[in-house]
Amino acid sequence: MTPLLEKKNAVLVVHPVPALRQMIKEVLRKNHFQSVIALENCQDALAFCEIETPSWIIMAPMMEDDVNCTSLLLTVLQKQHLRQTRTSIIFDKSKDLFCLPLEFELGLFSWHVDCTTSLLFERELETLYSRIEAANHDPVLVSAEYIRDYLDRNMYSQSRVDLEKRLLDLYQGDSRLKVRLAEAYFLNHQPDEAKRVLKQAMFFDKKTTPVCKELVEKFLGLEDPLDSNEPAGPNLGVENCFIIDSDRHALNAAKALTDKLGIKNVKLFEDGATAWEELKSSKETPPQLIISEWRVRGVSGSAFIQRMKDMGLGDSTIFVTSSLITQKELPLLEEIGVDHVVDKPVDEQSFSEHLIRTVRDNVYPRDSRAIERKVRKLLWANKVDQASFLLKSLMDDEETPPQIKQLLQSEVEFYQGNYEVAKNLAYQCLEQYNDSPYFLNLLGKILMKIAAFKEALICLEKAHKKCPYNIERISNMAVANIQLGWLDKALEFIEEAKQLDKDAASVKEIECRYAWEMGDEERARTLFAQIDNSKAIISYMNNRAISFVKAGRKEDGISLYQRTLNIIPPERRDLFGAVSYNLSLAYARTGQRQKALDQIRTITVEDKELRLKLQSLKSRLTKSIEKNESLVFANTLESADTHSQQKDEDAFASLLNALHLHSGEVCCCKIFYFQEESANRSRDLLVSAMSHSFLQMKKAG
């Protein structure tokens with residue numbers, strides 16, 4: 001276990017009062033901190049942090065100064081080498097406490113009041129040490145304790161509820177945090193929600209029973225309200241469930257069993273196609289639990305689960321009831337995220353036991369195998385921060401083989417877009433997993449991202465021979481062949497994918513790409529209209545054109561832009577505008593300034609950022625034509641992002657997003673968000689100073 005506050009490293013004490021500065025320094029040395037440096041102001045602390053990496057900074061807020069605690073916290077966030085530095089603020093009684101929520105949003109570690117004597121400061125240190133031990137040296141959990149202190153002291157109960165929910169998102173299945181959430185619900189006058197959460201905590205972790213009962217007695221004054229004869233189902237935490245089976249008798253039997261488990265919102269389907277349409281069109285919360293026959297009519301169980309994964313719902317619990325799975329289909333179960341398979345016919349006792357254990361392992365993963373599976377499911381659902389956090393528990397587990405750790409690290413890096421890092425980690429696992437379809441599929445996808453299409457095909461085809469039913473893999477093999485110009489081979493894989501699920505979005509997308517590459521714009525336009533994720537296909541076409549322009553094949557790039565525009569429906573102005581902007585840039589780069597200007601005049605967009613880009617380029621083109629001067633471009637190719645989504649963010653959120661931090665990377669930054677009405681007033685007081693500090697740091701960096 002790595003100590004949270006490393007006593008061998010430098011500690012900064014930043015305080016304007018010399019006597020307090022010296023007192024804190026002496027107490028820290030008494031507590032065996034070997035290098036304690038006392039400074040008068042934050043400006044000196046910033047200068048120190050430019051060249052050194054302190055383990056801990058203890059400071060006064062100094063809000064009246066131009067460079068204050070906010071400036072220092074922003075520096076810690078911005079500088080990669082400082083992100084393991086912990087920052088604590090010592091307040092003079094209650095003065096300046098208004099700034100605390102914002103400082104916690106910026107990654108503050110702890111806060112302390114009235115440390116005016118050695119005895120008072122030592123008591124604060126004792127409390128801090130006990131919290132560090134209780135949190136197993138996890139800075140996020142320590143910081144959360146201090147946030148709770150502030151929120152409870154000021155009765156900010158809604159922010160407390162929000163904090164506990166976000167912590168549970170990261171710490172999957174932590175029963176202690178379940179209890180904390182229940183406490184927050186009680187404080188927020190939501191006793192029914194609190195009792196529901198406590199039942200879940202007790203159901204999955206019997207050790208929490210005493211504290212759960214104490215909590216209920218504290219807030220409700222009841223002796224034993226959690227010992228009831230209610231069914232166990234609500235404790236599973238499952239609110240929505242789909243059951244899919246073409247056998248009406250089996251369907252009703254499964255429904256009866258889920259009723260006994262207390263799962264309230266259960267929808268029954270006799271075919272996969274109807275279930276899929278319900279899932280796509282429903283505005284309700286997606287099903288957390290899928291119970292499906294493998295050979296169901298319409299859309300098969302296999303195809304349905306793969307569609308869910310493509311849709312970003314890969315973290316649902318998948319429970320298959322079937323005796324019809326072949327030996328060659330078994331590897332597919334792991335690849336698409338099936339949590340458990342139980343043979344038919346299913347008896348009530350066996351069904352209940354298997355279902356409860358499966359849901360528990362998915363929602364509250366404890367053992368290494370369950371954690372490994374959950375990390376992957378979170379990644380498939382694009383919950384990369386949660387997956388990274390959960391992976392930490394495996395990284396610290398000495399019994400987990402290093403190859404599994406490396407493989408999961410590779411997967412996380414892949415989903416974070418760090419493809420070279422992901423590739424290097426995957427290669428370290430090559431000998432161990434060379435025969436695993438799952439591993440070969442991952443390596444193939446990584447290699448495709450770095451445009452190593454021939455090498456990717458070797459991996460994908462080897463995996464395909466072992467497991468020929470993965471639609472995503474077949475689509476990727478078609479894409480790789482298209483990129484290599486092997487269109488006949490690509491068509492073979494497209495037809496193979498259509499045999500498995502001709503209506504899958506990924507299959508229609510690759511068909512559209514193929515038609516576009518073949519110059520069949522009418523077919524591409526027809527398929528494009530059937531694709532839900534149309535931005536992905538446009539991004540592919542747009543990026544292909546960009547790659548041609550970058551390679552000096554500017555006329556080919558222009559041709560690709562024009563062909564892409566031809567398949568976009570008139571109502572999709574967002575996509576049309578992004579591609580048209582890039583076409584204008586391509587014209588301009590080839591010296592066709594008037595064509596570029598004419599193209600811009602056809603564009604009408606609502607996106608504010610793109611509109612500003614268009615206005616800028618239009619102004620530059622107009623001046624260039626009037627003065628007959630060539631346009632000068634940066635070395636990097638400008639382009640409109642076809643994936644961009646306009647977000648309604650305040651200045652504070654924009655600053656945080658600009659720092660590219662992961663949730664929990666620096667204490668509770670991007671976990672804690674102040675929800676009370678006073679939040680905006682507090683932000684207004686600080687945001688201009690923060691913006692100034694941020695801009696200064698950007699210039700310096």
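Heads up: numbering here begins at 1 and tracks the sequence. The figures that follow rest on heavy atoms only: side chains count, while hydrogens, waters and symmetry mates do not.
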I want to check something: taking the side chain as every heavy atom from C-beta on, are [X] and [Y] in contact at a cut-off of under 4.5 Å?
X	Y	answer
Glu472	Asn441	yes
Phe439	Gln432	no
Phe528	Leu575	yes
Ser368	Glu399	no
Lys260	Ser352	no
Ser388	Gln416	yes
Thr358	Val342	no
Leu324	Glu293	yes

Between [X] (side chain) and [Y] (backbone), is there a donor-acceptor pair under 3.5 Å?
X	Y	value
Ser410	Leu425	no
Asp315	Ala381	no
Arg373	Asn362	no
Asp339	Ile318	yes
Arg473	Cys467	yes
Lys374	Val363	no
Ser246	Glu270	yes
Thr258	Ile263	no
Ser350	Val346	no
Ser559	Glu555	no

Test Glu665 against Lys670 for salt bridge (Lys or Arg N to Asp or Glu O under 4.0 Å), laying out the working first.
-> CA-CA 9 Å; Glu665 189 174 347; Lys670 304 197 81 172; over 6 Å; no
Evaluate the side chain to side chain contact (heavy atoms under 4.5 Å, CB included) criterion for residues Ile510 and Ile482: first the C-alpha distance (whole Å), next the side-chain angles of each, then the deciding distance (0.1 Å), finally the verdict.
-> CA-CA 10 Å; Ile510 190 58; Ile482 288 174; 3.9 Å; yes
Is a salt bridge present between [X] and [Y], judged by a nitrogen-to-oxygen distance below 4.0 Å?
X	Y	answer
Glu413	Lys449	no
Arg513	Glu509	yes
Glu492	Lys489	yes

Parallel, tilted or perpendicular: which fits the ring planes of Tyr438 and Trp380, with parallel below 30° and perpendicular above 60°?
-> tilted
Atom [atom1] of [X] and atom [atom2] of [Y]: how far apart are they, to the nearest 0.5 Å?
X	Y	atom1	atom2	value
Asn582	Leu560	CG	CG	12.5 Å
Ile371	Ile404	CD1	CD1	11.5 Å
Ile471	Lys502	CD1	NZ	12.5 Å
Lys280	Glu278	NZ	CD	12.0 Å
Ile291	Leu257	CD1	CG	8.5 Å
Asn476	Asn481	CG	CG	11.0 Å

Decide side chain to side chain contact (heavy atoms under 4.5 Å, CB included) for Asn470 and Ile474; before the verdict, give the C-alpha distance in whole Å, the side-chain angles of both, and the deciding distance to 0.1 Å.
-> CA-CA 6 Å; Asn470 188 320; Ile474 298 171; 5.8 Å; no
What closest approach, in Å, do [X] and [Y] show between heavy atoms, and which atom pair accounts for it?
X	Y	answer
Thr602	Gln599	OG1-O, 2.6 Å
Ala524	Cys512	O-SG, 3.4 Å
Ile600	Ser584	CG1-OG, 3.4 Å
Ala586	Ile558	CB-CG1, 3.7 Å
Ile494	Ala478	CG1-CB, 4.0 Å
Val320	Val338	CG2-CG1, 3.8 Å

Hey, do the aromatic rings of Tyr561 and Tyr587 have their centres closer than 6.0 Å?
-> no
Quick one: do Glu372 and Arg369 satisfy salt bridge (Lys or Arg N to Asp or Glu O under 4.0 Å)? Show the steps, please.
-> CA-CA 5 Å; Glu372 178 185 353; Arg369 185 68 186 95; 3.6 Å; yes
Tell me, yes or no, whether the heavy-atom count around [X] atom [atom1], taken from other residues, nucleotides or ligands under 6.0 Å, exceeds 12.
X	atom1	answer
Lys267	NZ	yes
Lys344	NZ	yes
Lys405	NZ	yes

How far apart are the C-alpha atoms of Leu407 and Leu442, what are their side-chain angles, what is the distance that settles it, and do they pass the side chain to side chain contact (heavy atoms under 4.5 Å, CB included) test?
-> CA-CA 9 Å; Leu407 179 56; Leu442 171 67; 3.6 Å; yes
For Arg307 and Leu279, run side chain to side chain contact (heavy atoms under 4.5 Å, CB included): C-alpha distance rounded to whole Å, both residues' side-chain angles, the deciding distance at 0.1 Å, then the answer.
-> CA-CA 11 Å; Arg307 288 188 186 186; Leu279 182 64; over 6 Å; no
Which pairs with one or both residues in residues 262-310 pass ring-ring contact (aromatic ring centres under 6.0 Å, His included), sequence neighbours excluded?
-> Phe242-Phe269, Trp276-Phe304
Indicate whether any N or O donor in one side chain lies under 3.5 Å from an N or O acceptor in the other, for Gln306 and Ser302.
-> yes
What residue pairs, at least two apart or across chains, pass side chain to side chain donor-acceptor pair (under 3.5 Å) with a residue in residues 455-464?
-> Asn434-Lys462, His464-Glu496
Would you check, one step at a time, whether the test salt bridge (Lys or Arg N to Asp or Glu O under 4.0 Å) holds for Arg523 with Glu511?
-> CA-CA 9 Å; Arg523 175 66 175 158; Glu511 272 196 282; 3.1 Å; yes
Go through Arg357 and Asp361 one step at a time and tell me if the salt bridge (Lys or Arg N to Asp or Glu O under 4.0 Å) criterion holds.
-> CA-CA 6 Å; Arg357 185 169 63 249; Asp361 287 346; 5.2 Å; no
